[in-house]
Protein chains: 2
Amino acid sequence: MARTGRRPARPADEEASASPDTRSSILAAARAGFALSGYDGASTRAIAAAAGVDAALIHHYFGSKQRLFVAAMEIPFDPDAVRREVVGGPRDTVGERIVRFFLDLWEEPVRRQILLGMVRSAMTDPEAAAMVRRLVIEGTVLPLVAETGVTQSAMRATLVGSQLMGLALIRYVLCVEPLAGTPVETVVAAVGPTIQRYVTAPIEGLPPGAD
Amino acid sequence: MARTGRRPARPADEEASASPDTRSSILAAARAGFALSGYDGASTRAIAAAAGVDAALIHHYFGSKQRLFVAAMEIPFDPDAVRREVVGGPRDTVGERIVRFFLDLWEEPVRRQILLGMVRSAMTDPEAAAMVRRLVIEGTVLPLVAETGVTQSAMRATLVGSQLMGLALIRYVLCVEPLAGTPVETVVAAVGPTIQRYVTAPIEGLPPGAD
DNA sequence: CGCTGAGTTCAGCGAGCGATGAATTACGTC
DNA sequence: GACGTAATTCATCGCTCGCTGAACTCAGCG
């Protein structure tokens with residue numbers, strides 16, 4: 001029977017290939033769990049069960065639930081690549097490019113799980129909230145806005161962040177129709193001008209020189 | 001000593017006034033708890049402790065944590081009043097009026113707790129998510145947009161909802177500066193035109209007749 | 001073969017959770 | 001002043017949580 005102890009390896013007639021190793025199936029189950037229920041809501045026992053594995057293995061491989069979380073949330077994109085892709089191109093359509101890049105990020109299934117996990121956890125866990133703030137606002141949107149050379153870049157960056165986060169919330173977290181089912185390019189056309197305005201247009205009500 | 005049993009009433013030399021009754025202090029503590037940690041994160045024991053009261057009293061007054069939640073989240077505004085206040089006035093500044101009304105809602109401390117509790121819970125609890133969706137989108141923004149008589153009102157309503165929810169997220173949940181510390185009227189001036197565009201301007205990329 | 005170390009399971013600890021039921025005390029009413 | 005009822009506390013139940021330590025089994029190496 002061998003209900004306990006190390007599991008026999010695959011027949012070894014082929015290279016390491018199809019069957020995923022335990023560690024990565026835990027990671028996949030963790031991503032799914034955190035995406036669905038957030039950090040607190042996802043239990044290590046449920047994650048282990050979804051991975052078809054004993055709960056103690058999570059601590060064997062990752063040490064703690066905390067460290068499993070950061071491993072599962074491994075940085076989902078390269079902020080520098082964003083800048084390279086978005087900053088190039090005509091300045092008067094930078095809004096559309098930002099929205100398109102942001103939505104493409106969320107459309108990829110694994111990355112969507114990661115981002116959902118971050119967002120869902122950020123609502124109640126201050127540490128996850130700081131993670132989102134640093135990655136999205138300070139790490140990506142702010143440098144992007146600053147690079148276009150306008151004044152008041154901090155204020156512009158938070159305005160851009162508010163529209164993008166709201167979009168993700170309605171479309172991917174709450175899944176409100178019809179926005180949730182609309183093709184990316186349609187949303188880009190609708191929201192692009194908003195971002196464009198936040199990035200390049202003068203902001204009323206603020207002293208124009210402030211930054 | 002009398003550590004158990006009913007507590008003696010106030011000396012009764014004055015009208016019912018200063019000291020709040022048990023039921024409402026539980027409600028206040030519940031609002032604070034749910035606002036800070038969401039439905040799952042706030043425990044009935046912690047709420048009772050914050051109210052200076054035994055945990056069993058919660059079940060005595062409200063029956064269950066569920067029912068305490070709905071009691072604490074009692075509808076925080078009247079959607080009809082919104083329409084009356086926002087629809088009146090020039091059509092080309094309806095965007096500003098919507099943003100102003102939305103922010104004023106959040107600026108009032110008790111209501112902010114209620115809304116925070118809803119939003120924080122909606123991230124992981126589908127029932128709370130439906131609550132937010134019905135109250136904000138279908139109950140308020142959609143009728144408002146429909147009342148202005150434009151086409152594609154459902155799509156417009158979700159776009160408006162995305163910007164408003166994103167604003168609340170950045171400003172009140174994640175508290176990202178400088179947006180979190182900016183006066184209401186400044187934000188109204190910055191975001192108003194966005195809402196205005198979503199409500200009244202033609203939306204590119206969609207067949208103009210669709211609804 | 002025999003050893004060692006990594007992979008895996010199991011049983012259980014201590015804490016916290018929502019909820020319950022009995023016991024205790026005070027209020028309101030006749 | 002006795003009684004019924006509402007308010008309050010306490011002790012506890014059954015459950016789930018993150019985590020630990022011991023035991024067991026296989027792979028790799030000599």
Side-chain angles (χ1 to χ4, degrees), chain A residues 1-16 19-27 29-30 33-34 36-72 121 124-125 127-128, chain B residues 1-13 15-16 19-27 29-30 33-34 36-72 121 124-125 127:
Chain A
M1 291 292 273
R3 292 173 40 216
T4 180
R6 183 171 190 157
R7 287 204 283 242
R10 276 162 288 110
D13 48 3
E14 307 205 0
E15 285 285 298
S19 96
D21 61 316
T22 301
R23 199 189 131 97
S24 24
S25 60
I26 290 177
L27 272 180
F34 289 136
L36 201 63
S37 322
Y39 181 79
D40 289 323
S43 76
T44 59
R45 289 167 139 100
I47 290 172
V53 138
D54 189 275
L57 270 185
I58 288 183
H59 296 90
H60 176 61
Y61 279 112
F62 300 96
S64 73
K65 187 185 183 183
Q66 258 292 335
R67 290 216 285 277
L68 170 64
F69 183 72
V70 310
S121 309
T124 45
D125 183 343
E127 215 164 322
Chain B
M1 290 295 273
R3 294 172 40 216
T4 181
R6 185 171 188 154
R7 286 193 219 145
R10 279 162 286 111
D13 48 3
E15 285 286 300
S19 97
D21 62 315
T22 301
R23 201 189 129 97
S24 22
S25 60
I26 291 179
L27 273 180
F34 290 135
L36 200 63
S37 321
Y39 181 79
D40 290 322
S43 75
T44 59
R45 290 165 138 99
I47 289 173
V53 136
D54 188 275
L57 270 185
I58 288 184
H59 295 89
H60 176 59
Y61 281 112
F62 301 96
S64 72
K65 187 185 183 183
Q66 258 292 335
R67 291 215 285 277
L68 170 64
F69 183 73
V70 310
S121 308
T124 46
D125 184 343
E127 216 164 321

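Order of the sequence lines sets the chain letters (A, B, ...), proteins ahead of strands, with each chain counted from 1. Heavy atoms only: backbone and side chains are in, while hydrogens, waters and symmetry mates are out.
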| field | Strand contacts (DNA chain C) in residues 54-65 of chain A, 4.0 angstrom heavy-atom criterion | value | A:D54, A:A56, A:L57, A:H60, A:Y61
| said: I need the CD-C1' distance between A:Q66 and D:dC19, as an integer number of Å. | reply: 14 Å
| request: Evaluate the side chain to side chain contact (heavy atoms under 4.5 Å, CB included) criterion for residues A:L27 and A:F62: first the C-alpha distance (whole Å), next the side-chain angles of each, then the deciding distance (0.1 Å), finally the verdict. | output: CA-CA 10 Å; A:L27 272 180; A:F62 300 96; 3.8 Å; yes
| query | For D:dT8, does either OP1 or OP2 sit under 4.0 Å from a side-chain N or O belonging to B:T22? | reply | yes
| note | Rounding to 0.5 Å, atoms OH (A:Y61) and OG1 (A:T22) come to a distance of 5.0 Å
| side-chain contact (heavy atoms from CB on, under 4.5 Å) partners of B:Q66, counting only residues at least two apart | B:Y39, B:S64, B:V70, B:E127
| field | Contact residues, residues 37-45 of chain A to DNA chain D [heavy atom, < 4.0 Å] | value | A:A42, A:S43, A:T44, A:R45
Just distance, no hydrogens or angles: give the donor-acceptor pairs under 3.5 Å from side chains in residues 40-49 of chain A, sequence neighbours left out.
unit_1: A:S43; atom_1: OG; unit_2: A:A46; atom_2: N; d: 3.0

| query | Sequence neighbours excluded, which residues qualify as side-chain contact (heavy atoms from CB on, under 4.5 Å) partners of B:A50? | reply | B:A29
Run the side-chain donor-acceptor check on residues 53-60 of chain B: report pairs under 3.5 Å with partners two or more places apart or on a different chain.
unit_1: B:D54; atom_1: OD1; unit_2: B:A56; atom_2: N; d: 2.8

